[in-house]
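This report concerns only the one structure given below.
In what follows, every chain begins at residue 1, and chains take the letters A, B, ... in the order their sequences are listed. Just so we're clear, the structure is a prediction, and the values are computed from it rather than from any experiment.
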Number of protein chains: 2
Amino acid sequence: MELSQRKEKILAAVVEHYIRTGEPVGSKTLLNALDISVSSATIRNEMAELAALGYLEQPHTSAGRIPTNEGYRYYVDRLMGVRQLDESVKRQIEAGMSIKNVSPEAILAKASEFLADMTECAAVSTTPSGENATIRRIEFVPVGTRTGMIVLLTSTGVIKSKVCRSDVDLNSSMIEKFYNIVKSSFIGVPLDDIDTATLQTLVASMGMDALTMIPFVSAVSELAQEATRTMVMLGGQSNILRYREEYGTTAYELMDFLRRGEPISQLLANSKEDLDVKIGGENQFKQLENSSVIMAHYNIDSDNRGSIGIIGPTRIDYASLIPSVRYLTDLVGELLTQTLNED
Amino acid sequence: MELSQRKEKILAAVVEHYIRTGEPVGSKTLLNALDISVSSATIRNEMAELAALGYLEQPHTSAGRIPTNEGYRYYVDRLMGVRQLDESVKRQIEAGMSIKNVSPEAILAKASEFLADMTECAAVSTTPSGENATIRRIEFVPVGTRTGMIVLLTSTGVIKSKVCRSDVDLNSSMIEKFYNIVKSSFIGVPLDDIDTATLQTLVASMGMDALTMIPFVSAVSELAQEATRTMVMLGGQSNILRYREEYGTTAYELMDFLRRGEPISQLLANSKEDLDVKIGGENQFKQLENSSVIMAHYNIDSDNRGSIGIIGPTRIDYASLIPSVRYLTDLVGELLTQTLNED
DNA sequence: GTTAGCACTCTTTAGTTGTGAGTGCTAACT
DNA sequence: AGTTAGCACTCACAACTAAAGAGTGCTAAC
């Protein structure tokens, strides 16, 4: 649906004013905000048509107009200036993310935290998906008479470790056996393939050694699962309360939804675009019907991607937040690429 | 201040009724709740005196009475029956905490999460303090041509690891040198002593090897710091919103306060009692002036203790939550002792 | 197509009134 | 002296009314 230039101008002004003030905007207000030489009556007529087209709505008869979800959508797709990010903001983001010598998880946790503070929204991020990753290496580090730490390194550069406990005292022949098992059954194997079925056949084939090896083998399996699972990092839940006005009593449901992680993970994974905006009901989850999500994706390599996003009310400041999310996401992508590929 | 038996009965009834309903309680209501053969007028007189003594207050002239902080305090200290925990609740807690093969952090995170769900309050826990802990062992696991994982094991059984990156390719002589440094300068050293000053003298004494060793040495130092730092695990922030009524707009401040971690850590550490209840303003932080904190401490050994607590409105159900917090904390203490002492 | 003008709608705020819960006090009772 | 019935009093709360104000939609003229 193509709108006249004047309608577009009016729609944009309504959206921007409403985003700024949270108040329905009337024809007179627009007259001031808009440098257009028509009267308020004309604007009223145009607004009435915009309402008929479904881009604006009235909370009640004698109030100004507010954008509908379709109104926001039109604005985001066609009207919003693709603002270039201020140099100062860029530097602020870079400063915020200048942490080093840390794990991918810590980088992403920091990203959520920082993005939440910066945008005053709730922020989420997911760890790299690591699809098709295989086990590159496994090490066993004895730390006690019966305990050792197993370190797993994936082909995507992720390192996971876990302490495990043997039922009997460790000795060098056991460790040797463990490394044999690792070499024959784990190295080069895709992480997804390490399921309980595989482990059972493996254990079965070990004969009388099985019992002592079980803790080690299952530790490897848990590590493999951890390395596969994309984790969701959540930051700034409390920012939801900044928008009490628009959320009312549903604030609790939203916070609870965010906490769950799993649906967020789906939400982010379902988006194929490089950068995606979902407005209100466009989100598949009803808990988000009054929220907008701005999300971007980072790519470490073709098999290894993740997402970062913010969640706020539908009257979020799209024009200035979208570039921030994009820039931060790109930056995190670079940081992760560095971290994971250097060795 | 010693109250007459009848006054105590009335105070207890007011507290319990108010905790249950959230409504100010009047003399007639008490008449029903109390199996006492006096008239409402007598109760009114008694309540007036309790108010004069500072144990009760009136939101406004023509409303019933609600307990003051002092009222709650008297109730908690002297009136509340030290209820024995139901067997079913015990089993519920045990079931909730039956996770195995995980790190102390994961146990405590789970404890916060579970306790929050169970009590419908926000819950916090701190990792063991590890005072006076020393470095027991350090291992280096090569994982790439230039990267390796350093594993640090403390005398208290805590294991921390970190990936670090060398500026040059690793070779066996470097690793040997690293182990020499470890043996001479780290093993047996208290974690607290590993500060930047010590490291500088250490690096200075290494002469020309210093440059290549710096990443390793500083990684050890970071690990030592991580192992010292008590972390705060937070669960169920969203439960704050269950008490919108009592928190109103301060809900945001409270959530923000919880998120900070550091003050929580102080709060928990400042309590010397085995189990401690802080009511409203008894807390040193003004963000908690409308909240009560129930906290308990676990002891792994004399140098190694931590805390678990819940935070809710002052009209929290002390009688039934205190035993739950205590039981869970004891259980976590046992779990951690097992985890940390077995090797 | 645009605009001035005006009646109309509907929210918001303030003011009014009535109701009910609950108190505090007094005087009588045990 | 402690207890109780009785009653006047207070005050939040809800329901209602009135006035104000913002903003619209429509009509008729430009």
Side-chain angles (χ1 to χ4, degrees), chain A residues 2-11 13-18 20-68 71 244-246 248, chain B residues 2-11 13-18 20-68 71 244-246 248:
Chain A
E2 184 79 29
L3 293 180
S4 77
Q5 209 178 348
R6 193 168 66 188
K7 280 203 182 60
E8 291 198 336
K9 227 169 169 175
I10 290 174
L11 177 55
V14 171
V15 171
E16 278 159 17
H17 194 278
Y18 184 64
R20 190 146 34 81
T21 66
E23 300 288 316
V25 5
S27 49
K28 279 193 201 134
T29 320
L30 278 182
L31 201 56
N32 297 339
L34 228 47
D35 57 340
I36 206 173
S37 54
V38 292
S39 75
S40 66
T42 309
I43 296 183
R44 275 204 292 285
N45 288 332
E46 294 284 54
M47 289 209 293
E49 286 182 50
L50 282 168
L53 292 168
Y55 294 119
L56 295 179
E57 67 182 339
Q58 282 177 292
H60 51 261
T61 331
S62 74
R65 299 299 209 297
I66 61 174
T68 60
R244 229 185 257 93
E245 194 107 338
E246 23 274 295
Chain B
E2 184 79 30
L3 294 179
S4 77
Q5 209 178 350
R6 194 169 64 187
K7 280 204 182 59
E8 292 197 337
K9 228 169 166 175
I10 290 174
L11 177 54
V14 171
V15 170
E16 278 160 17
H17 194 278
Y18 183 64
R20 191 146 33 81
T21 66
E23 300 288 318
V25 4
S27 49
K28 277 191 202 138
T29 321
L30 279 183
L31 201 56
N32 298 339
L34 229 48
D35 58 339
I36 206 174
S37 53
V38 291
S39 76
S40 66
T42 310
I43 296 183
R44 273 205 293 285
N45 288 332
E46 294 284 54
M47 288 208 294
E49 287 182 51
L50 281 168
L53 292 168
Y55 294 118
L56 295 179
E57 67 181 340
Q58 282 178 292
H60 51 263
T61 331
S62 73
R65 297 300 209 299
I66 60 174
T68 61
R244 231 184 255 94
E245 194 108 336
E246 22 274 294

Sorted by number, residues from residues 30-37 of chain A placing a heavy atom under 4.0 Å from DNA chain C are S37(A)
Between CD of E49(A) and C1' of dT24(D) the distance, given in whole Å, is 15 Å
Nearest heavy-atom contact between S27(A) and S40(A) is CB-O, 3.7 Å
Between A13(B) and L34(B), the two heavy atoms sitting closest are CB-CD1, 3.5 Å
N45(B) atom CG is separated from dA27(C) atom P, nearest whole Å, by 15 Å
| Does a side-chain heavy-atom distance below 4.5 Å link L3(A) with Y55(A)? | yes
Within the structure provided, determine whether R6(B) and T42(B) are in side-chain contact (heavy-atom separation under 4.5 Å). yes
Dot-bracket for DNA chain D, 5' to 3', Watson-Crick and G-U pairs with both distances under 3.5 Å, [ ] for crossing pairs, | for partner on another strand, reads ||||||||||||||||||||||||||||||
Atom CD of E46(A) and atom C1' of dT3(C) are separated, to the nearest Å, by 13 Å
- G54(B) backbone acceptor or donor facing T68(B) side chain under 3.5 Å: yes
Here the distance between atom C1' of dG25(D) and atom CG of L56(A), to the nearest Å, is 16 Å
Separation of dT23(C) atom P from I43(B) atom CD1, nearest Å, is 10 Å
OG of S39(B) to CG of N45(B), rounded to nearest 0.5 Å, is 8.0 Å
R65(B) side chain reached by L50(B) side chain, heavy atoms, under 4.5 Å
no
Please determine if a side-chain N or O atom of T42(B) lies less than 4.0 Å away from the OP1 or OP2 oxygen of dT4(D).
-> yes
Per-nt protein contacts along nucleotides 5-22 of chain C (heavy atom under 4.0 Å; B base, S backbone sugar-phosphate only, - none) come out as B---BBS---------BS
When every non-hydrogen atom of G64(B) is compared with those of P59(B), the smallest separation belongs to O-CD, 3.4 Å
Measuring only between side-chain heavy atoms, which start at C-beta, is I36(A) closer than 4.5 Å to L30(A)? no
Between the CG atom in L11(B) and the CD atom in E46(B), the distance rounded to the nearest 0.5 Å is 11.5 Å
Between P67(A) and L56(A) the two heavy atoms that sit nearest each other are CA-CD2, 3.8 Å
